[in-house]
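Right, one structure below, let's go through it.
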Amino acid sequence: MANPSLLILAGDGIGPEVMAEVKKIVAWMGDRRGIVFDVSEDLVGGAAYDAHGTPLTDATMARAQAADAVLLGAVGGPKYDRLDFSVKPERGLLRLRKEMDLFANLRPAQCFDALADFSSLKEEVVAGLDIMIVRELTSGVYFGEPRGIFKEGNERVGINTQRYTESEIARVARAAFDLARKRSNKVCSMEKANVMESGILWRDVVQEVHDRDYPDVELSHMYADAGAMQLVRWPKQFDVIVTDNLFGDLLSDAAAMLTGSLGMLPSASLGAPMANGRPKAMYEPVHGSAPDIAGQGKANPIACILSFAMALRYSFDMGEEATRIESAIEKVLADGLRTADLLGPEGGAPVGTAAMGDAIVAALDASL
Ligand code: NAD
């Protein structure tokens, strides 16, 4: 059988720096575990604009569609701020998500023991936390029509439309239930059924999908505003949270901060299964291109490495290897290694990007 394929789009700013460390882990998997990927690389974002005058060429788009998984670093930077909206670096990312139809965005909020005191919440609230937010990514109020700023009488009115079809709700609900079965088998669905018709439909459809196909999974419903409160009050009550595009945008950012630094947060965006059974998939750290530290070898590569671990788990069914990487990271952090973003007010001596990657590879070696 052919090796699984990975398309690496490192992008801009710290993207290529953190991706260099991911490549060390990919190479390690081949050398030490016999798990060999066909890796190819291409340009996205500002880097693609500089080379081709567009943030994503058609050829790169076609390679992404054909790959078993795409790993993306980050895009953007002040150099591109004045570009026309249509060729801004972020448009490359949006095109990938749209044309691959990546409708389920998975954002884990996992607290590594060694960093439990780093959260802005009390240690006992976050220690051992491991939750997953599944956000619908391709519909809802960010895409609904009509939208725009219109003239109404003698003033302007801004309009966006929250719109969900049953099938859009059902497919993201299924993604959440499938995920829950691989975790603690619990899903909490969040909407505003008390004030929004789209929320009533959301609640109905999630319940129908559950009753028909996933009766073994524990399902609860919560209004999204109450959910936000519960997330900061006692986040460990949740396992998988499924919610729409807008609420998911807010709730996943809030949940992310439960665990500390942006430099620790991975994500996955999944679409429908391809002919080989694997989902269309793109994996990327939550952070951006961090122009303030780019080129200084300071960036934390862990979010990007954890994104590769998610690829192993969700695209290649290699959960054990994903856990091996997560354990190696836990070990390195427990040994006290910290990139600058993980140092508290008391300070300490930070390690650089490459040293953090090397330490994780050494911990992987030690795991064999
Ligand atoms: P950012 O995530 O790039 O940076 C926010 C802060 O977090 C900065 O101080 C940065 O130094 C720090 N940081 C981020 N990642 C880090 C890491 N791995 N290690 C250590 N510190 C890290 O967000 P921003 O500054 O708002 O945006 C910068 C650029 O990135 C903009 O052009 C923005 O449009 C773009 N952006 C891209 C993505 C993406 O590619 N998915 C996401 C967000 C922002």
Side-chain angles (χ1 to χ4, degrees), residues 4-27 37-103 105 137-138 142-143 262-263 265-271 274 279-301 303-308 310-311 315 353 357:
S5 62
L6 276 182
L7 174 64
I8 291 185
L9 303 173
D12 309 319
I14 62 167
E17 298 172 41
V18 294
M19 199 59 87
E21 305 314 306
V22 174
K23 288 191 231 166
K24 291 178 184 168
I25 314 283
V26 174
F37 291 94
D38 283 339
V39 180
S40 56
E41 294 193 51
D42 213 330
L43 302 174
V44 68
Y49 179 81
D50 288 340
H52 304 295
T54 169
L56 190 79
T57 64
D58 292 345
T60 310
M61 187 66 239
R63 291 173 84 181
Q65 293 282 21
D68 288 320
V70 177
L71 286 182
L72 188 127
V75 299
K79 183 179 161 193
Y80 308 103
D81 281 352
R82 286 166 181 274
L83 288 181
D84 184 73
F85 189 66
S86 63
V87 288
K88 273 195 186 292
E90 290 75 9
R91 300 302 296 176
L93 193 53
L94 293 177
R95 181 174 176 199
L96 283 162
R97 287 180 184 156
K98 183 161 190 286
E99 292 192 18
M100 292 170 75
D101 200 11
L102 303 173
F103 59 83
N105 183 223
L137 199 61
T138 52
Y142 293 163
F143 295 93
L262 256 181
L265 299 168
S267 78
S269 300
L270 307 180
M274 300 185 279
K280 287 255 181 204
M282 182 158 78
Y283 299 87
E284 55 183 310
V286 168
H287 63 71
S289 57
D292 53 334
I293 57 165
Q296 301 174 29
K298 279 187 188 171
N300 184 349
C304 205
I305 293 172
L306 286 171
S307 301
F308 173 59
M310 288 186 85
S315 280
T353 312

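In this text, all values refer to a predicted model and were calculated from it rather than measured experimentally.
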Separation between [atom1] of [X] and [atom2] of [Y], rounded to the nearest 0.5 Å:
X: Leu137; Y: Met282; atom1: CG; atom2: CE; result: 8.5 Å
X: Leu270; Y: Leu102; atom1: CG; atom2: CG; result: 7.5 Å
X: Glu99; Y: Thr138; atom1: CD; atom2: OG1; result: 13.0 Å
X: Arg97; Y: Asn105; atom1: CZ; atom2: CG; result: 6.5 Å
X: Gln65; Y: Leu96; atom1: CD; atom2: CG; result: 8.5 Å
X: Glu17; Y: Asn300; atom1: CD; atom2: CG; result: 12.0 Å

Heavy-atom side-chain contact between [X] and [Y] under 4.5 Å:
X: Lys88; Y: Tyr80; result: no
X: Lys280; Y: Asp101; result: no
X: His52; Y: Asp58; result: no
X: Lys23; Y: Val39; result: no
X: Leu262; Y: Val286; result: yes

Whether [X] side chain and [Y] backbone form a donor-acceptor pair below 3.5 Å:
X: Ser289; Y: Ala74; value: no
X: Ser5; Y: Asp68; value: yes
X: Asp12; Y: Gly46; value: yes

Considering non-hydrogen atoms only, spot the tightest contact between [X] and [Y] and give its length.
X: Met61; Y: Leu56; value: SD-CD2, 3.5 Å
X: Ala67; Y: Met274; value: O-CE, 3.8 Å
X: Phe103; Y: Gly271; value: CE2-C, 3.6 Å
X: Gly357; Y: Pro301; value: N-CG, 4.3 Å
X: Gly53; Y: Val87; value: O-CG1, 4.0 Å
X: Ala281; Y: Met100; value: O-CE, 3.8 Å

**Request:** Let me know which of Ser267, Cys304, Pro266 forms a side chain to side chain contact (heavy atoms under 4.5 Å, CB included) with Pro285.
**Result:**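 Passing option: Cys304.
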
**Message:** Is there a side-chain contact (heavy atoms from CB on, under 4.5 Å) between Arg91 and Thr54? Walk through the geometry before answering.
**Reply:** CA-CA 9 Å; Arg91 300 302 296 176; Thr54 169; over 6 Å; no

**Prompt:** For residues Thr60 and Thr57, is any side-chain donor paired with an opposing acceptor at under 3.5 Å?
**Reply:** yes

**Prompt:** Are Asp50 and Lys79 within salt-bridge range, i.e. N to O under 4.0 Å?
**Reply:**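 Yes, charged N to carboxylate O under 4.0 Å.
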
**Request:** Could you check Lys298 against Asp292 for salt bridge (Lys or Arg N to Asp or Glu O under 4.0 Å), going step by step and ending with a plain yes or no?
**Result:** CA-CA 10 Å; Lys298 279 187 188 171; Asp292 53 334; over 6 Å; no

